[in-house]
There are 2 protein chains.
Amino acid sequence: MATPQTLDRTLTALADPTRRAILQRLSSGEARVTEIAQPFSMSLNAVSKHILVLERAKLVRRRKVGRDHFLSYRPEPLTTAAEWIVSTRSFWASRLDALEELLREEDATKP
Amino acid sequence: MATPQTLDRTLTALADPTRRAILQRLSSGEARVTEIAQPFSMSLNAVSKHILVLERAKLVRRRKVGRDHFLSYRPEPLTTAAEWIVSTRSFWASRLDALEELLREEDATKP
DNA sequence: AATATATTCAACCATTTGGTTGAATGTACA
DNA sequence: TGTACATTCAACCAAATGGTTGAATATATT
């Protein structure tokens, strides 16, 4: 439904390099909190907080197995964000072709 | 080139409802600062600051004519943002079709 | 039972953010 | 020239953000 709140949460979550890195890590598969935190030069707690932000934005889902929390990437909200971009493009028409082409290219190289 | 900094500025700029509203306003054509500020229930100064954020993100361009500053929408950075989304999708493949279709629909209804 | 591991909760702190008001700057106009 | 208008600059403020450390909770292992 793309409520402004949803869009807010999505874009706010994406507007941080640490959180984008976490998403990129998760885009290649599930991981536990500690595993996600490992490459970062900040405390585990800090990463835990970032994960909460991503979870609130529904970009990440948590599956608890015993003491381990497995996080996975949920890309659905990105579609909402894309919808906003499209709805705002207007005289952006010329750029649209480029985006469509880009999407198609990616589709070809990553089957 | 999609430096992380560029992406940061773009997404940070988009992560505020006032700024998204300003962009939407501008997507239907140029406007002066006062015109842009008029519908908002905040001070002109506050809106002026938001415009600066959008300008820093290169989502808005300023053309000065006498005492008037005309702002226009520059959608290029959105392409960078879209690139990031695409590069992170990975097992998002199924959603991609939906996005492509969406783009095509929009293209049909808004010639 | 005792200990180690995985994670969050809570309190705290510095910086950023989004807003305010009042003054300054530059341009248009009578 | 004087005055109105368009905009930014500067100082300030409250709340949010992104980080820290230390304690709490829950599960696993010995």
Side-chain angles (χ1 to χ4, degrees), chain A residues 4-26 29-74 77, chain B residues 4-26 29-74 77:
Chain A
Q5 220 189 6
T6 299
L7 196 51
D8 255 13
R9 291 205 176 121
T10 304
L11 292 171
T12 299
L14 291 179
D16 179 280
T18 302
R19 288 193 290 264
R20 286 198 302 277
I22 291 174
L23 281 190
Q24 228 142 18
R25 165 71 173 80
L26 288 178
E30 268 194 344
R32 293 179 308 116
V33 175
T34 312
E35 288 167 359
I36 293 168
Q38 187 263 319
F40 294 101
S41 60
M42 69 182 70
S43 74
L44 175 66
N45 278 4
V47 173
S48 173
K49 277 191 186 180
H50 280 301
I51 292 173
L52 281 178
V53 173
L54 290 168
E55 220 184 344
R56 219 183 41 193
K58 299 207 169 69
L59 282 162
V60 151
R61 183 177 160 200
R62 186 184 306 256
R63 180 173 66 91
K64 298 183 188 175
V65 176
R67 61 185 171 179
D68 295 325
H69 298 202
F70 289 95
L71 288 319
S72 57
Y73 178 36
R74 304 266 106 188
Chain B
Q5 221 189 7
T6 300
L7 195 52
D8 255 14
R9 290 204 176 122
T10 304
L11 292 171
T12 299
L14 291 179
D16 180 280
T18 303
R19 288 194 290 265
R20 286 198 303 277
I22 292 174
L23 281 190
Q24 228 144 18
R25 165 72 173 80
L26 288 178
E30 268 193 344
R32 293 177 309 116
V33 176
T34 313
E35 290 166 356
I36 293 168
Q38 187 262 319
F40 294 100
S41 61
M42 68 181 71
S43 75
L44 175 65
N45 278 6
V47 173
S48 173
K49 278 191 186 180
H50 280 301
I51 292 172
L52 280 177
V53 173
L54 290 168
E55 220 183 345
R56 217 184 43 193
K58 298 205 168 72
L59 282 162
V60 151
R61 185 176 159 202
R62 187 184 304 257
R63 182 173 64 91
K64 299 184 188 176
V65 176
R67 62 185 170 177
D68 295 325
H69 297 201
F70 290 94
L71 288 318
S72 56
Y73 179 35
R74 303 267 107 188

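Numbered from 1 within each chain, the chains take letters A, B, ... in sequence-line order.
For the pair B/K64 NZ and D/dC5 P, the computed distance is 22 Å after rounding to whole Å. Summarising the geometry, the separation between CZ on B/R32 and P on C/dA28 is reported as 12 Å, rounded to the nearest angstrom. In this structure, B/D8 places its CG atom 10 Å from P of D/dG18, rounding to the nearest Å. Between the P atom of D/dT17 and the CG atom of B/L11 lies a distance of 16 Å, rounded to the nearest Å. Atom CD in B/Q38 sits about 17 Å away from atom C1' in D/dT7, given to the nearest Å. Distance CD (B/E55) to C1' (D/dT7): 12 Å, rounded to an integer number of Å.
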Could you walk me through whether A/R20 and B/L7 pass side-chain contact (heavy atoms from CB on, under 4.5 Å), step by step? CA-CA 10 Å; A/R20 286 198 302 277; B/L7 195 52; 3.6 Å; yes
Could you walk me through whether B/R19 and B/L59 pass side-chain contact (heavy atoms from CB on, under 4.5 Å), step by step? CA-CA 10 Å; B/R19 288 194 290 265; B/L59 282 162; over 6 Å; no
From CA spacing to verdict: side-chain contact (heavy atoms from CB on, under 4.5 Å), B/R62, B/L52: CA-CA 10 Å; B/R62 187 184 304 257; B/L52 280 177; 3.9 Å; yes
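Side-chain nitrogen and oxygen atoms of A/H69 include none within less than 4.0 Å of the OP1 or OP2 phosphate oxygen of C/dA6. For B/S48 and D/dT8, the shortest distance from a side-chain N or O to OP1 or OP2 is below 4.0 Å.
Looking at A/R74 and A/R61, their side chains come closer than 4.5 Å, going by heavy atoms from C-beta outward. Put simply, the side chain of A/I51 does not reach to within 4.5 Å of the side chain of A/H69, judged on heavy atoms.
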Extract from the structure each pairing of a protein N or O with an N or O of nucleotides 17-23 of chain C at less than 3.5 Å, listing the distance.
from: C/dG18; atom 1: OP2; to: B/R19; atom 2: NH1; distance (Å): 3.2
from: C/dG19; atom 1: OP2; to: B/H50; atom 2: NE2; distance (Å): 2.1
from: C/dG19; atom 1: N7; to: B/K49; atom 2: NZ; distance (Å): 3.1
from: C/dG19; atom 1: O6; to: B/K49; atom 2: NZ; distance (Å): 2.3
from: C/dT20; atom 1: OP1; to: B/S43; atom 2: N; distance (Å): 3.3
from: C/dT20; atom 1: OP2; to: B/S43; atom 2: N; distance (Å): 2.8
from: C/dT20; atom 1: OP2; to: B/S43; atom 2: OG; distance (Å): 2.6
from: C/dT21; atom 1: O4; to: B/N45; atom 2: ND2; distance (Å): 2.6
from: C/dG22; atom 1: O6; to: B/N45; atom 2: ND2; distance (Å): 2.4

Within the sub-3.5 Å range, which N or O atoms of nucleotides 25-27 of chain D have a protein N or O partner, and how far apart are they?
from: D/dT27; atom 1: O3'; to: A/R67; atom 2: N; distance (Å): 3.4

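Between A/L44 and A/A37 the shortest heavy-atom distance is CD1-CB, 3.6 Å. The shortest non-hydrogen separation linking A/V60 to A/L71 is CG1-CD1, 3.7 Å.
If you check D/dT8, C/dA6, C/dC9 against the side chain of A/L52, the one that comes closest is C/dC9.
Of the residues listed (A/E35, A/R63, A/K64), the one engaging A/F70 in a side chain to side chain contact (heavy atoms under 4.5 Å, CB included) is A/R63, and it is the only one.
Remark: A/A21 pairs with A/F40 by the side-chain contact (heavy atoms from CB on, under 4.5 Å) rule, at least two apart or across chains.
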